[in-house]
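Just below is one structure, and these are the notes that go with it.
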Amino acid sequence: MALDVVDLRTFYASPLGHVARRVVGKVMLKLWPDCRRQRLLGLGFATPYLPLLGGEAERVIAFMPAAQGVVNWPSPGLSASALVEPTLLPLPTASIDRVLMVHALEETESPEDLLEEISRVLSPGGRLIVVVPNRRGLWARMDTTPFGHGRPFSRSQIEALMRRAMFSPEHWAEALYVPPLRRRLFMRSAMAWEKVGAGLSLPFAGVYVIDATKQFYRRAPLRATRRSIAFRPVLLPQAHSSSHLPRQDDGGGPAG
């Protein structure tokens, strides 16, 4: 069952949601410190993070999957959000410079089709940040947060998936080492958890944050070719019809 936009909004309005936004947003800012003069698209439920990255962007829009629902964003001023089918984005080819995808890849039925559609709308050399739950993390094992829904990924799985869709992962980061518990002790010490977890490279981070670049071309797979049998022409003497053969005498003399 797909996540509902009301549940997502409620989570990010909670103290634990504020912790997730602060921790994951800090990693995003390290990957994309400057988005000036960039056309930025948020896909899934990326609105909690878009203000962190898109403050000086040329244009910022938020697309939310039809199965999830949509909310008005930003709350003041004209709306920049829309309800879409994720694998059929209403955008021209190569019209976006950067895409931020949160709560989307793990929820879709066809992750490869989704990534290929993002590749279509991204300009050559465009960049993509994907946030996905880590299979070994505590956040993927508890359905009390949005990261506990959908399909989590291992590092090898997400890397293979992105390469098949013409994306080259450039930077990998892990976040949300703090347990997803709504106790004040854990939430107050969240940054200490992140510092220790990242410093020791602990395997139980809640999410992967991947910065990938769109490749300029797709590698053509090498296929084994079958050798065909070559037929060589054979020259044979041509048969002549009897009418062209010299007429032989039957042994009788001339008629008298």
Side-chain angles (χ1 to χ4, degrees), residues 8 12 17-64 71 73-82 84 86 89-105 114-132 134 147 155 158-159 162-163 165-177 190-191 194-195 197-199 201 205-217:
L8 288 162
Y12 280 102
H18 284 291
V19 170
R21 178 182 179 272
R22 182 175 59 180
V23 170
V24 178
K26 184 177 180 180
V27 175
M28 292 178 178
L29 281 173
K30 288 183 178 180
L31 298 175
W32 289 357
D34 186 7
C35 290
R36 287 180 294 180
R37 297 184 296 276
Q38 300 289 303
R39 294 162 294 181
L40 176 61
L41 167 66
L43 185 61
F45 194 76
T47 52
Y49 307 96
L50 286 176
L52 301 175
L53 302 176
E56 298 182 356
E58 175 188 324
R59 186 176 306 156
V60 182
I61 54 179
F63 283 172
M64 302 183 187
V71 294
W73 181 87
S75 51
L78 299 176
S79 177
S81 61
V84 300
L89 298 178
L91 290 172
T93 300
S95 59
I96 296 296
D97 298 309
R98 299 192 181 189
V99 175
L100 174 64
M101 188 161 57
V102 189
H103 303 301
L105 194 64
L114 176 57
L115 287 174
E116 288 183 354
E117 179 66 1
I118 293 174
S119 177
R120 182 188 68 82
V121 302
L122 268 177
S123 59
R127 297 173 67 181
L128 164 69
I129 281 184
V130 182
V131 180
V132 293
N134 177 11
F147 297 104
R155 176 162 177 161
I158 188 65
E159 184 173 10
M162 297 184 74
R163 290 192 182 280
M166 295 179 62
F167 284 101
S168 176
E170 302 291 342
H171 302 95
W172 289 81
E174 299 178 354
L176 295 181
Y177 289 95
M191 300 312 296
E194 300 303 310
K195 185 176 181 180
S201 298
V207 296
Y208 291 115
V209 184
I210 307 105
D211 176 22
T213 303
K214 176 183 174 180
Q215 296 178 357
F216 287 92
Y217 59 90

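We count residues from 1, following the sequence as given.
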- Message: Let's go through Leu53 and Val60 carefully: what are the C-alpha distance in whole Å and the side-chain angles of both, what is the deciding distance for side-chain contact (heavy atoms from CB on, under 4.5 Å) to 0.1 Å, and is it a yes or a no?
- Response: CA-CA 10 Å; Leu53 302 176; Val60 182; over 6 Å; no
- Query: Which is it for Ile96 and Leu89 under the side-chain contact (heavy atoms from CB on, under 4.5 Å) test, yes or no, and what are the steps along the way?
  - Reply: CA-CA 11 Å; Ile96 296 296; Leu89 298 178; over 6 Å; no
- Item | Glu58 backbone acceptor or donor facing Gln38 side chain under 3.5 Å | no
- Message: For the backbone of Tyr177 and the side chain of Glu194, can you confirm whether one donor and one acceptor N or O come within less than 3.5 Å of each other?
- Response: yes
To the closest 0.5 Å, what do you measure between [atom1] ([X]) and [atom2] ([Y])?
| X | Y | atom1 | atom2 | value |
| --- | --- | --- | --- | --- |
| Leu8 | Thr47 | CG | OG1 | 8.5 Å |
| Trp32 | Leu128 | CH2 | CG | 6.5 Å |
| Asn134 | Tyr208 | CG | OH | 3.5 Å |
| Met166 | Glu116 | CE | CD | 9.0 Å |
| Leu105 | Ile118 | CG | CD1 | 7.5 Å |
| Ser168 | Arg127 | OG | CZ | 11.5 Å |

- Evaluate the criterion side-chain contact (heavy atoms from CB on, under 4.5 Å) for residue pair Phe167 and Gln215; output intermediate values, then yes/no. CA-CA 6 Å; Phe167 284 101; Gln215 296 178 357; over 6 Å; no
Looking only at heavy atoms, what is the nearest atom pair of [X] and [Y], with distance?
| X | Y | value |
| --- | --- | --- |
| Ala212 | Met162 | CB-CE, 3.3 Å |
| Ile210 | Pro169 | CG2-CB, 4.0 Å |
| Ala205 | Glu174 | CB-CB, 3.5 Å |
| Ala175 | Val23 | CB-CG1, 4.0 Å |
| Cys35 | Arg98 | SG-NH1, 3.6 Å |
| Leu29 | Leu52 | CD2-O, 3.4 Å |

- Are Asp97 and Leu122 close enough, and set up right, to give a side-chain contact (heavy atoms from CB on, under 4.5 Å), and what steps lead you there? CA-CA 6 Å; Asp97 298 309; Leu122 268 177; 5.8 Å; no
Would a 4.5 Å heavy-atom cut-off, applied to side chains only, mark [X] and [Y] as touching?
| X | Y | result |
| --- | --- | --- |
| Leu41 | Leu91 | yes |
| Ile158 | Trp172 | yes |
| Glu170 | Leu31 | no |

With sequence neighbours excluded, what pairs up with [X] under the side chain to side chain donor-acceptor pair (under 3.5 Å) test?
| X | value |
| --- | --- |
| Tyr12 | Tyr49, His103 |
| Arg120 | Thr93, Glu117 |
| His171 | Asp211 |

- Would you list the pairs meeting salt bridge (charged side-chain N to carboxylate O under 4.0 Å, His left out) in which at least one residue belongs to residues 19-34, sequence neighbours left out? Asp34-Arg36
- Message: The criterion is salt bridge (Lys or Arg N to Asp or Glu O under 4.0 Å); which residues satisfy it with Arg155, sequence neighbours excluded?
- Response: none
What side-chain donor-acceptor pairs closer than 3.5 Å can you find for residues 75-82, not counting sequence neighbours?
from	atom 1	to	atom 2	distance (Å)
Ser79	OG	Asn72	OD1	2.9
Ser79	OG	Ser81	N	3.4
Ser79	OG	Ser81	OG	3.2
Ser81	OG	Val71	O	2.8
Ser81	OG	Trp73	N	3.3

- Query: Of Leu176, Val102, Val132, which meets side chain to side chain contact (heavy atoms under 4.5 Å, CB included) against Val207?
  - Reply: Leu176
